[in-house]
Trainee: 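Pasting in a structure now, in structure tokens, and then I'll have a few things to ask.
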2 protein chains.
Amino acid sequence: MKIQQPRRSRIQNKNRNVILDAALQEFSARGFSGTTIDQIADAAGLSKPNVLYYFPSKEAIYRGLLVGLLDLWLAPLRELDAEGDPVEQILGYVRRKLLLSRDYPNESRLFASEVLHGAPHMTEVLSEDLHDLVAEKVSIIAGWTASGRIAEVDPHHLIFSIWALTQHYADFDVQVRAVMGEGPDPYAGAMIFLEHLFRRMLAP
Amino acid sequence: MKIQQPRRSRIQNKNRNVILDAALQEFSARGFSGTTIDQIADAAGLSKPNVLYYFPSKEAIYRGLLVGLLDLWLAPLRELDAEGDPVEQILGYVRRKLLLSRDYPNESRLFASEVLHGAPHMTEVLSEDLHDLVAEKVSIIAGWTASGRIAEVDPHHLIFSIWALTQHYADFDVQVRAVMGEGPDPYAGAMIFLEHLFRRMLAP
DNA sequence: CCGAATATTGACCATCTGGTCAGGATCAGG
DNA sequence: CCTGATCCTGACCAGATGGTCAATATTCGG
């Protein structure tokens, strides 16, 4: 059964995307409640009623953003391959996730803000899609620890550590910059640090 | 030179604290913009005008919270002692920070939310107090790596990793619970995991 | 126990904000 | 080039929200 997809004209597609881009910028900077439809409209170069012509409500824009970005967000974990070399697979995941934080910091902050406030718009997604995906990858990692190919670590906490360590640089960007002062891009140093960390931690 | 401290009656002290407690609960759950003075007043068991009798504005409550909690938040890092055993000192810091996340999750989320949205109310605190404190501890750790007492890791990223790994469990609590399902307290497993991680990473 | 200082409140106000609507502009197909 | 569908807008509305104020209640020192 196919879900009814509304036909969209060229102009509709363009403007919907313009709005979503603007909304991402505003929501990620100020949060859901801190953002007004007027701000989104301004950032998108449209009038407020026009924005509401494309989306029925502010909440609809927000939800549209979240679901539209979910695949992007989960893709790096999906690629984790049971057949590959364990350490390289995990390091590859770390690398992909760190690059995602570097290249999509607004998306990172959007999800962070949502989860931080209890994920009121994604509870089902978290406990279904994310839960299942993680469960699948956890069993792969558990296989690796059981066979002694990597050190004995709790797979759940291993995954949490990858999320925490990589997203930190995007989510708490201002803090990182305030502490390190004006200097080179933190991501280069971060990658070196994380490679050292995970190689050491995972060595059998 | 002493800053003029207003004399506070017993009742003032009590109600100011009641308000700050209620505000912490509300702000940490819904963010600054998502929280109304009425919600704070209700949670505090006071009327809205009465809340505004003790604090001149919603923003004043928020700032009062942040500055009041700053010491609590930085205390674990302050205790890091150049004279102690390096690995034990760092592990001690990790432990204290993890317990702080477990016992003060609302405080953690309050700071996380503030930093996430660009720290509009704490920029100077970040780039002065926090920057200086971290700089001091970074030089201690740099001494340890230079003398070969711990592995060569970038001290800044080491501190970031401690922040990220410990605060993750408080800040993204719903996600952690959604992924792990109903089970035992995640903090026990987290402490075991983090001890393994940091011992391995830091071994000379 | 009294009067002054301190607390508390209901009523109120100005502004902001999400959302609506009727009508006008623009576009696409015939 | 005509017509219907799509797109866009100014004006508007209702409710929420931060904050004020005059008046009342309570507390506290003497």
Side-chain angles (χ1 to χ4, degrees), chain A residues 4-67 110 113-114 117 120-121, chain B residues 4-67 110 113-114 117 120-121:
Chain A
Q4 170 76 18
Q5 282 289 353
R7 259 310 139 62
R8 297 219 177 102
S9 70
R10 203 153 53 269
I11 204 168
Q12 273 199 31
N13 257 310
K14 193 196 76 181
N15 279 349
R16 284 181 63 94
N17 284 334
V18 167
I19 292 169
L20 288 175
D21 283 352
L24 171 62
Q25 202 173 308
E26 303 299 315
F27 281 137
S28 69
R30 276 175 280 279
F32 179 78
S33 315
T35 301
T36 70
I37 303 183
D38 265 314
Q39 290 169 349
I40 296 173
D42 281 357
L46 300 172
S47 68
K48 182 169 71 161
N50 204 8
V51 167
L52 289 166
Y53 172 76
Y54 290 100
F55 292 88
S57 68
K58 175 174 146 182
E59 183 145 341
I61 304 176
Y62 188 73
R63 299 188 90 102
L65 255 186
L66 286 178
V67 309
L110 184 77
S113 179
E114 170 67 10
H117 296 117
H121 304 85
Chain B
Q4 170 77 16
Q5 283 288 352
R7 261 308 141 63
R8 297 218 177 102
S9 70
R10 203 153 51 272
I11 217 171
Q12 275 198 29
N13 257 311
K14 191 195 76 182
N15 279 349
R16 285 181 62 94
N17 284 333
V18 167
I19 291 170
L20 288 175
D21 283 352
L24 171 62
Q25 202 172 308
E26 302 300 314
F27 281 137
S28 70
R30 275 175 280 279
F32 180 78
S33 315
T35 301
T36 71
I37 303 182
D38 265 314
Q39 289 170 349
I40 296 173
D42 281 358
L46 300 171
S47 67
K48 182 169 73 161
N50 205 7
V51 167
L52 289 166
Y53 171 76
Y54 289 101
F55 292 89
S57 68
K58 175 173 145 181
E59 181 143 342
I61 304 176
Y62 187 74
R63 300 189 89 102
L65 256 187
L66 286 179
V67 310
L110 184 77
S113 178
E114 170 67 9
H117 296 121
H121 303 85

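So that the names make sense, note that chain A is the first sequence line, chain B the second, and so on, each numbered from 1.
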Trainee: List for me each residue that meets ring-ring contact (aromatic ring centres under 6.0 Å, His included) alongside B:F55, sequence neighbours excluded, and say none if there are none.
Mentor: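 Scan of B:F55 (ring-ring contact (aromatic ring centres under 6.0 Å, His included), adjacent residues dropped) gives none.
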Trainee: Please report the closest heavy-atom contact between B:I40 and B:A22, naming both atoms and the distance.
Mentor: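 Smallest heavy-atom distance, with atoms named: O-CB, 3.7 Å.
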Trainee: Heavy atom of residues 48-57 of chain B under 4.0 Å from DNA chain C: which residues?
Mentor: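 Listed by number, they are B:P49, B:N50, B:Y53, B:Y54.
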Trainee: What contact category does B:T35 fall into here, base, sugar-phosphate, or nothing, at under 4.0 angstrom with non-hydrogen atoms?
Mentor: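 Sugar-phosphate: the residue B:T35, judged by heavy atoms under 4.0 Å, touches backbone atoms but no base.
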Trainee: Quick check: closest heavy atoms across B:L65 and B:A23, and the distance to 0.1 Å?
Mentor: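 Shortest heavy-atom contact: CD1-C, 3.8 Å.
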Trainee: Please check: side-chain N/O of A:S113 versus main-chain N/O of A:G31, any donor-acceptor pairing under 3.5 Å?
Mentor: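 Side chain of A:S113 to backbone of A:G31, a donor-acceptor pair under 3.5 Å: no, none is there.
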Trainee: Hey, can you pull the residues of residues 36-43 of chain B with a non-hydrogen atom under 4.0 angstrom from DNA chain D?
Mentor: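 Per residue number, the list reads B:T36, B:I37.
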Trainee: Just jot down the side-chain contact (heavy atoms from CB on, under 4.5 Å) partners of B:I37, sequence neighbours excluded, or say none.
Mentor: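 For B:I37 the side-chain contact (heavy atoms from CB on, under 4.5 Å) partners, ignoring immediate neighbours, are B:K48, B:V51, B:L52, B:K58.
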Trainee: Measure from CG on A:N13 to P on D:dT6 and round the result to the nearest Å.
Mentor: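 Rounding to the nearest Å, CG of A:N13 and P of D:dT6 are 15 Å apart.
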Trainee: Check the phosphate of C:dT8 against B:N15, side-chain N and O only, distance under 4.0 Å to OP1 or OP2. Yes or no?
Mentor: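 For B:N15, the contact criterion (side-chain N or O under 4.0 Å from OP1 or OP2 of C:dT8) is met.
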Trainee: Measure up the A:F32 and A:H121 rings against each other and bin them: parallel (under 30°), tilted (30 to 60°), perpendicular (over 60°).
Mentor: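 The rings of A:F32 and A:H121 sit tilted, inter-plane angle from 30° to 60°.
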Trainee: Where along residues 22-32 of chain B does a heavy atom come under 4.0 Å from DNA chain C, residue by residue in number order?
Mentor: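 Those residues whose heavy atoms fall under 4.0 Å from DNA chain C, taken from residues 22-32 of chain B, amount to none.
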Trainee: Would you check if A:S28 and B:H117 make a side-chain contact, meaning some heavy-atom pair closer than 4.5 Å?
Mentor: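 Sidechains of B:H117 and A:S28: no contact.
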Trainee: Would you say a side-chain N or O of B:Q12 is under 4.0 Å from OP1 or OP2 of C:dA7?
Mentor: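 B:Q12 to C:dA7 OP1/OP2: side-chain N or O found under 4.0 Å.
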Trainee: Could you encode protein contacts along nucleotides 24-30 of chain D as a string, one character per nucleotide from 5' to 3', using B for base contact, S for sugar-phosphate-only contact and - for no contact, with a heavy-atom cut-off of under 4.0 Å?
Mentor: ----S--
Trainee: Rounded to whole Å, please give me the gap between NZ in B:K58 and C1' in D:dG18.
Mentor: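 These atoms are roughly 8 Å apart.
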Trainee: With respect to the phosphate group of C:dT8, does any side-chain polar atom (N or O) of B:S47 fall under 4.0 Å of OP1 or OP2?
Mentor: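 No, because none of the side-chain N or O atoms of B:S47 sits under 4.0 Å from OP1 or OP2 of C:dT8.
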Trainee: In whole angstroms, how far is the C1' atom of D:dG18 from the CD1 atom of B:I61?
Mentor: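 About 11 Å, once rounded to whole Å.
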Trainee: Work out which heavy atom in B:S47 is nearest to a heavy atom in B:A41; give both atom names and the distance.
Mentor: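 Looking at all heavy atoms of both residues, the closest pair is C-CB, 3.9 Å.
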